[in-house]
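A short write-up of the structure that comes next.
These numbers come from a predicted model, not from an experiment. Residue numbers begin at 1 in each chain, while the letters A, B, ... track the order of the sequences.
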Number of protein chains: 2
Amino acid sequence: MMATDSLDARVDEILKSLGRRTTAPRRQVARLLASKRGAFSAESINAELPEVGRATVYRTIRLLAEAGVLCKALLPDGSPRYSIDHSWHHHHLICSSCETVEEFRSSELERLLGELSDEIPGQVLGHQVDFYLTCPNCLQ
Amino acid sequence: MMATDSLDARVDEILKSLGRRTTAPRRQVARLLASKRGAFSAESINAELPEVGRATVYRTIRLLAEAGVLCKALLPDGSPRYSIDHSWHHHHLICSSCETVEEFRSSELERLLGELSDEIPGQVLGHQVDFYLTCPNCLQ
DNA sequence: GCTACTGGTGATACGTAGTATCAATATATG
DNA sequence: CATATATTGATACTACGTATCACCAGTAGC
């Protein structure tokens, strides 16, 4: 599968650039992630990979999130969901019903957030904007 | 203390309006919360009230959060912090260093978020905006 | 003020999310 | 191929929160 192969290569590259080793467990996790559409919990990945240790699953997810391959969104209650990061900077549309997470971009929003960051005392490191909604699907 | 007394009264009122009972443990939790400045974790409240059960501490915090007395902010890693809710609708300035949570309001931001909500497919229920920063204090 | 009804409490157990430890193992490199 | 070391996975631990359930205490009605 094209997408899987390219993510494999991307993961190899990232690991190399970080001086990390390319191991079988990391490949297994990366391949499973690549097959996922939408958002997922770390625990669900762990459940689908009984042959990979839990700690390794979590470590790999963290590694890929820090490398920008995955991004982390928080459901309204704070529980994290991960998804493949398709675009550089974006926010999230989170369905409170089916927990689907979609990416969302708005240059106008970005501009305003930038302006506000300049006004806020201290050094702004980043921001998070999430919309909680009932998605068209869940509205029937 | 004035602030404590008024929160006591407010909590009594809220409990009454919800048809809930005014109990000693709920008062203890509410009093401790009133004495807090800034944000705190549920667990820290639990630790400071050994005579109140953990379940009751969490139940009371949830009750007060749902009633609008407390508001919940999420640190960058998703761990929740609670603080007395001083103003109706606001966002958060979260110091990544000292974990201080401050309230933040911007009518311009609110207006834009409202506009965007209209454009987003599905029924938008709410949004969350957080700025992560190093606060002036932590910048020395 | 007493009593009964029922909501609240707290001990315990459970579930999710994630990190720390550490002996055993696999990888990249000379 | 040998070896230094990054990585693994079992286990244990922390934070955060909910479910259960026997017992207790508010509150409404008399």
>> What is the separation between atom NZ on B/Lys72 and atom C1' on D/dA15, rounded to the nearest whole Å?
In response: 13 Å
> If you check every side-chain atom of A/Thr56, which of D/dC16, D/dT27, D/dG9 has the closest atom?
Replying inline: D/dG9
>> Nearest to the side chain of B/Arg21, heavy atoms from C-beta on, is which of C/dG8, C/dG10, D/dA4?
In response: C/dG8
> Once you round it to whole Å, what is the distance between P of C/dT19 and CD of A/Glu43?
Replying inline: 12 Å
> Between D/dT7, C/dT9, D/dC16, which nucleotide gets closest to the side-chain atoms of B/Arg59?
Replying inline: C/dT9
>> Looking at B/Gln128, I want to see if its CD is surrounded by more than 12 non-hydrogen atoms of other residues, nucleotides or ligands under 6.0 Å.
In response: yes
>> Is it the case that over 12 heavy atoms from other parts of the model lie below 6.0 angstrom from the CG atom of A/Asn137?
In response: no
> What is the distance, rounded to the nearest whole Å, between atom CG of B/Leu18 and atom P of D/dG26?
Replying inline: 19 Å
> Only one of A/Pro76, A/Cys135, A/Cys138 forms a side-chain contact (heavy atoms from CB on, under 4.5 Å) with A/Ser96, so which one is it?
Replying inline: A/Pro76
> Pick the nucleotide of DNA chain C nearest each of B/Thr60 and A/Pro25; which residue has the one closer to the 5' end?
Replying inline: B/Thr60
> Per the atom types in the model, does the base of C/dG8 pair as donor or acceptor with the side chain of B/Arg26 at under 3.5 Å?
Replying inline: no
>> Tell me the interatomic distance from A/Leu15, atom CG, to C/dA26, atom P, rounded to whole angstroms.
In response: 18 Å
> Expressed in angstrom and rounded to an integer, what is the separation of B/Leu75 atom CG from C/dA17 atom C1'?
Replying inline: 15 Å
> Taking CZ from B/Arg62 and C1' from D/dA19, how many angstroms apart are they, rounded to a whole number?
Replying inline: 11 Å
> Taking the six-membered ring for Trp, are A/His89 and A/His127 parallel (under 30°), tilted (30 to 60°) or perpendicular (over 60°)?
Replying inline: perpendicular
> Which whole-number value in Å describes the distance from B/Gln28 CD to C/dT9 C1'?
Replying inline: 12 Å
>> Can you work out whether B/Thr23 or B/Tyr58 has the more 5'-proximal nearest nucleotide on DNA chain D?
In response: B/Tyr58
> Considering heavy-atom distances to DNA chain C, does A/Ser44 or B/Val57 have its closest nucleotide positioned more toward the 5' end?
Replying inline: B/Val57
> Whole-Å distance between D/dT7 C1' and A/Glu51 CD?
Replying inline: 17 Å
> When A/Glu110 is tested against each of A/Arg105, A/His91, A/Glu115 for side-chain contact (heavy atoms from CB on, under 4.5 Å), which residue passes?
Replying inline: A/His91
